[in-house]
Amino acid sequence: MGASNDLTDFGLGDMVRLASSLRAFAGQSAHLEDYAGQLCTFLHEAFVDDTGGRQAVLVRVYLTQPAAGLPATERAFVGDVDDQVRCLTLLGTAGESPEWNDRRLSQGHLVIPLHNADRIAELPMIAGLLAQMRVNVGALVAPPGLVLDPAEHRFGVFHVPDAWGSPLIPAQDFVREHGVRSVLGFGGVLPDGEIYTVVLFARVAVRREIAELLEALSPSITLAMTEMLDLPVFADRSGVRTSRVAERDRAQAREALLRGLLEVHERVAAQESDRARGAIAEARREAERSGNLARTLQASLLPHELPRISGLKSAAYFQPSGDGSEIGGDFYDVFPIRRGTWGLVLGDVSGKGAGAASLTALARHTVRAAALRTRSCIEVLRVLNEAVYRQEIAEERYLTAVFALLTRRGWVLEVDLCLGGHEPPLLLRPGQPAIEVGSIGQPLGLFPHPDISSTRFEMQRGESLITFTDGATEARRDQDFFGLQRVEATLAALSDRAISEIVDGLAGAVTAFQGPDASDDLAILGIQSTR
């Protein structure tokens, strides 16, 4: 019967949709009893949890009627009472037990005579319901007086947040047996002076703010019942109601109800607008917090500054993808190993987020530790591969890496270079095309014994070595990639510049090509021999 709702997470938009459905039933009903039955069935089926379980144990609609207006069965049920006594009459019911779906099967609640205020006080639930709904009990038991203050457009709401042990719910056996947690009720006054109430017994705890939202259904139900004033109240009664309402009074009632509906919808619109603005603002704040956190964590995975090395200058660049709110897996490092020998590493861990950050930290520190124990760049990457391969993680994680041992031999810089599945670095000689050094090899962490390539070469004064992640070659503009050829051409044009200018020049060219919204992290690390 329409979209389902969760009573523990019920919003203004849900209330508006429910109200529209409840008004629609009026045009499908031949009498008020029919309408009340449809209303109860709808509400009983409308509220479900995330597993599809119904949250409403029992839903009932009551309508006050003078004893003289009751059908024979109901009149006999109340016994010898004055015809003018108002009776709270069960008009509709729907629930989990079969007998709860036929109002005539009710044993003790089919009709409740409201003789006087003292008699009402003896009925805890009825007294509590009328009190919380702000019903004028004195007027109710002295017809045809006013039930509501004329200035009020709607009743309050009856809300028992915890039905267990509540004095307002005397039927504690029913509460325990059927797991009733909360009870709520709402209602309205009809133009003929009668009042109706809807009572819902829920197996979930219903918060006050949600109960008040359900109270806002009253104008829709009241308007629907007002449009049915000329129809019989009961299914087995062919005549019209005993209390006739002038058309002018009906029109005034409709106008007041429409004002009430308009107020509800205006309130919904305003609160939804405020909620949307608040959600957007919170999303922005969260994005900023997340971005700051991600940038802070990312910064912790990179060296604060590159070390100063005699006869060697270095420069680096890092730009996260998107707005920087996710932690990436690109990293680099330059560190001393022994006198005259330095380590250089640049890597790219698969994925993003906490898992990538964890693996990045592992890789960086493993490389540093392994480089202190061996003089072989291949052995360093083998140790790194084993450390990653043995990680017990749910997601498949791997990385590509460049590792180099840099050793100064007089005027020459000796480079022992190894690649684990990574794009080869480019060697720059002033005025010459860029030269690829090394071969890619296999990524680390996927295989127990990956193919790791190794090469050795020398760098002279003024020559530079540039390493970079695939954020450079795979930078995209529409369907076009920046590509290795553009990287090589850019670097060749900068080959006679200082290393910082070379790195910044490549970064600028990539950024200009793809625009501000990078789809991947970009890391560049360069060194230049200066003697």
Side-chain angles (χ1 to χ4, degrees), residues 29-41 44 57-130 133 135 137 139-144 147 158 168-175 177-178 183 185 187-190 192-201 225 228 231-243:
S29 304
H31 40 72
L32 270 183
E33 182 179 338
D34 185 18
Y35 175 75
Q38 290 192 66
L39 187 156
C40 290
T41 300
H44 178 237
V57 176
L58 175 65
V59 182
R60 289 191 157 171
V61 172
Y62 291 88
L63 176 71
T64 61
Q65 286 284 282
L70 297 175
T73 301
E74 284 76 3
R75 187 67 177 85
F77 186 90
V78 297
D80 186 19
V81 299
D82 190 280
D83 285 348
Q84 297 302 308
V85 171
R86 267 198 170 112
C87 300
L88 196 61
T89 308
L90 180 60
L91 195 62
T93 179
E96 293 184 342
S97 297
E99 64 271 19
W100 294 348
N101 295 282
D102 185 342
R103 71 179 192 86
R104 294 170 185 81
L105 297 179
S106 175
Q107 298 296 313
H109 302 92
L110 181 62
V111 186
I112 304 172
L114 305 177
H115 296 280
N116 50 52
D118 291 340
R119 173 59 180 147
I120 291 174
E122 295 172 358
L123 304 171
M125 182 172 170
I126 302 301
L129 185 149
L130 296 175
M133 289 175 57
V135 174
V137 175
L140 179 63
V141 297
V147 176
F158 173 65
L168 293 177
I169 313 296
Q172 286 295 303
D173 288 345
F174 164 76
V175 169
E177 182 179 352
H178 298 284
V183 182
V189 62
L190 302 179
D192 60 3
E194 304 301 341
I195 67 169
Y196 73 89
T197 59
V198 179
V199 182
L200 187 150
F201 299 84
M225 288 187 170
M228 301 172 67
L231 298 179
V233 175
F234 301 102
D236 57 356
R237 186 172 174 83
S238 58
V240 297
R241 300 183 188 180
T242 57
S243 177

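Computed from a predicted model, the values in this text were never measured in an experiment.
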* Is there a side-chain contact between Met225 and Leu32 (heavy atoms, below 4.5 Å)? -> yes

* Side-chain donor-acceptor pair present, Ser29, Gln38, cut-off under 3.5 Å -> yes

* Structure fact -> So CG of Leu231 and CG of Asp34: to nearest 0.5 Å the spacing works out to 10.0 Å

* Any chance the rings of Phe174 and His178 have centres within less than 6.0 Å? -> yes

* Measure the shortest side-chain to side-chain distance between Leu168 and Phe158 over non-hydrogen atoms and say whether it is less than 4.5 angstrom. => yes

* side-chain hydrogen bond (donor to acceptor under 3.5 Å, both in side chains), paired with Thr93, selected from His109, Arg103, Arg60 -> Arg60

* Salt-bridge present (Asp80, Arg75; N to O < 4.0 Å) -> no

* Is any side-chain heavy atom of His44 less than 4.5 Å from a side-chain heavy atom of Glu96? -> yes

* To do: Report the distance from atom CG of Leu110 to atom OG1 of Thr73, rounding to the nearest 0.5 Å.
  => 8.5 Å

* Asked: Is the closest basic N to carboxylate O distance between Glu99 and Arg104 below 4.0 Å?
  -> no

* Structure fact -> All heavy atoms of Cys87 vs all of Pro113, minimum pair found to be SG-CA, 4.0 Å

* Structure fact -> Minimal heavy-atom distance between Pro232 and Ala30, with the atoms involved, is CD-O, 3.8 Å

* Asked: Are any non-hydrogen side-chain atoms of Val199 and Val183 less than 4.5 angstrom apart?
  -> yes

* Asked: Given Val233 and His31, is the side chain to side chain contact (heavy atoms under 4.5 Å, CB included) satisfied, shown in steps?
  -> CA-CA 5 Å; Val233 175; His31 40 72; over 6 Å; no

* Asked: Are a donor atom and an acceptor atom from the side chains of Thr89 and Gln65 found within less than 3.5 Å of each other?
  -> no

* If we only count heavy atoms from C-beta on, is the Val57 to Trp100 side-chain gap below 4.5 Å? -> yes

* To do: Kindly say whether Pro66 contributes a backbone atom to a donor-acceptor pair with the side chain of Asp83 at under 3.5 angstrom?
  => no

* To do: Rounded to the nearest 0.5 Å, what's the gap from OG1 on Thr197 to CG on Leu88? Could you check?
  => 5.0 Å

* To do: Answer yes or no: is there a side-chain heavy-atom contact under 4.5 Å between Leu91 and Phe234?
  => yes

* Asked: For Leu90 and Ser106, which heavy atoms make the closest approach, and how far apart are they?
  -> CD2-CB, 3.7 Å

* Does any non-hydrogen side-chain atom of His115 lie less than 4.5 Å from one of Ile120? -> no

* Of all heavy-atom pairs between Tyr196 and Leu190, which one has the smallest distance, and what is that distance? -> CD2-CD2, 4.2 Å

* List the atom of Asn101, the atom of Ala94, and the distance in Å for their closest heavy-atom pair. => OD1-CA, 3.3 Å

